[in-house]
Amino acid sequence: MLITVSGEKKEYAEGLTVTELIAQEKVEMLEYVTVSLNEEFLQRENFDNQKLNDGDVVEFLYFMGGGK
Amino acid sequence: MAFTNEQLERYSRHIILKEIGVKGQKKLMNAKVLIIGAGGLGSPAALYLAAAGIGTIGIVDADKVDLSNLQRQIIHATNDLGKFKADSAKESMQYINPEVNVIAYHEFVTSKNILELISDYDFVLDGTDNFPAKFLINDACVISRKPYSHAGIIRFKGQLMTIIPGESPCYRCVFKEMPPKDAIPTCRQAGVIGAMAGVIGCLQALEAIKFITGTGELLTGKLLTFDALTMNFHKIALPKRNHNCAVCGDNPTITELVDYEQPACDL
Ligand SMILES: [Zn+2]
């Protein structure tokens, strides 16, 4: 199935969960990442059970604290 | 208010733009922008906003210029070492454009002073370097319904979003609460490429100018990320509004400001 992750469309195994995707994509600071699926924020407690489907759009949003 | 010949010439490259014109330039000259932090992001933003002829620019910073700042905080120079950043920034802005009224505030934003500081301005630009300040600015701007630009930078990455309270998602809609101290690396710990501050600070200045002149599409409901190593800009569409947001949601739990606990990384 094809999923768009951070703007890039790629092939992933059927039945992939958000937790598995996070591991596969080597997401940094995974305890603090915000995840959106098809423009809806996902609750952290649902990452394990949330299965992804063909055509889904996933975004990882990271804290960035610098500025000075 | 009619333009002088000097103003017509100074701002001619703006005035010739159909999106700005005489009308837009007048709006810029009547506008008031508050820049919180005279550092990496605040430096380029302040310089371009002063050059653009923004009527009043407030600059808030209690820090003094340190040698390690000069790799990216281009509003300060070597002979400004030890000066208040707000004063050094004011001098640089007025050197570029003496017409701009610059107000230097030698303080950091706190729950006590922020509402009053922002109240006089049309648009706020967050150029701070720590999460307590970023969350405080968000909450204060949402409570005051003040439009503002949020940004953050680290290593070779940067991101920004524009918040129009009541209309677009706020910073807290995306990042519910502050990460614990030291959970997220700071620029001091992790480093930051100086020009990244230039890229993102300039984008914040553009958002301020677009907001004031009513030009184009703002980064509302969007988080724009930039990776300098791959040169990828990526615009993330945010959910409409987070109805559960603690500050801008339907039943906000944050209605008063408090100072958030998490030591700042003073860069
Ligand atoms: Zn919100």
Side-chain angles (χ1 to χ4, degrees), chain A, chain B residues 36-43 61 63 69 72-73 85 126-131 133-134 150-155 157-160 173-176 178-180 183-188 190-192 196-197 200-201 223 225 232-240 242 244 262 264-267:
Chain A
M1 61 178 181
L2 281 174
I3 305 178
T4 304
V5 179
S6 303
E8 244 179 276
K9 208 180 250 187
K10 282 193 283 186
E11 188 67 42
Y12 291 90
E14 297 288 333
L16 191 75
T17 67
V18 168
T19 300
E20 288 162 353
L21 178 71
I22 286 174
Q24 208 170 315
E25 291 296 309
K26 300 190 178 67
V27 169
E28 292 165 43
M29 305 178 296
L30 47 97
E31 291 145 77
Y32 304 106
V33 74
T34 296
V35 180
S36 84
L37 170 60
N38 302 327
E39 291 187 34
E40 292 295 336
F41 290 126
L42 286 181
Q43 301 293 326
R44 180 160 296 276
E45 54 269 28
N46 297 334
F47 287 3
D48 284 348
N49 298 324
Q50 182 67 55
K51 284 206 186 337
L52 296 166
N53 296 303
D54 189 59
D56 278 349
V57 177
V58 179
E59 299 282 5
F60 298 117
L61 298 97
Y62 299 96
F63 274 114
M64 272 187 217
K68 270 184 130 174
Chain B
I36 304 178
L41 296 167
S43 288
D61 206 316
D63 267 339
N69 300 150
R72 64 201 176 284
Q73 300 183 13
K85 285 187 183 178
D126 172 5
T128 63
D129 61 351
N130 63 86
F131 291 112
K134 289 187 188 299
H150 159 86
I153 50 174
I154 190 89
R155 302 192 182 99
K157 288 184 176 164
Q159 63 186 22
L160 74 158
C173 289
V174 183
F175 302 105
K176 278 189 234 165
M178 208 161 8
I184 309 293
T186 63
C187 292
R188 174 183 266 183
V192 63
M196 179 55 68
I200 304 296
L223 181 75
T225 67
N232 281 332
F233 276 96
H234 178 49
K235 215 194 281 182
I236 301 175
L238 302 173
K240 296 279 170 263
N242 184 347
N244 301 318
Q262 197 209 35
C265 79
D266 62 326
L267 298 180

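Residue numbers begin at 1 in each chain, while the letters A, B, ... track the order of the sequences. Only this structure's heavy atoms are used, side chains among them; waters, hydrogens and symmetry mates stay out.
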Heavy atoms only, distances under 4.5 angstrom: which of [options] has the most pairs with chain A? Name it, please.
{"options": "B:V174, B:D126, B:L223, B:I200", "result": "B:V174"}
{"options": "B:C173, B:P179, B:G39", "result": "B:P179"}
{"options": "B:I153, B:N232, B:N242, B:T128", "result": "B:I153"}
{"options": "B:S43, B:G37, B:G158", "result": "B:G158"}

Practice problem: Name the region of B:A197, side chain, backbone, both or neither, that has any atom closer than 4.5 Å to a heavy atom of chain A. | Solution: neither
Quiz item: Side chain, backbone, both or neither: which part of B:K176 has an atom under 4.5 Å from a heavy atom of chain A?
Solution: side chain
Practice problem: Verify, without hydrogens or angle tests, whether B:Q159 (side chain) and A:Y62 (backbone) share a donor-acceptor contact under 3.5 angstrom. | Solution: yes
Exercise. Show your reasoning for whether side-chain contact (heavy atoms from CB on, under 4.5 Å) applies to A:F60 and B:I236.
Key: CA-CA 9 Å; A:F60 298 117; B:I236 301 175; over 6 Å; no
Quiz item: Is the number of heavy atoms from other residues, nucleotides or ligands under 6.0 Å of A:Q24 CD greater than 12?
Solution: yes
Quiz item: Looking at B:P239 and A:E40, what are the two nearest heavy atoms and their distance?
Solution: CG-CA, 3.8 Å
Self-check item: Exercise: identify the closest heavy-atom pair between B:I154 and A:M64
Solution: CG2-CG, 3.8 Å
Self-check item: Structural part of A:E31 lying under 4.5 Å from a heavy atom of chain B
Solution: neither
Quiz prompt | Reported CZ-to-NZ distance for the pair A:F63 and B:K134, which is rounded to 0.5 angstrom | solution = 11.5 Å
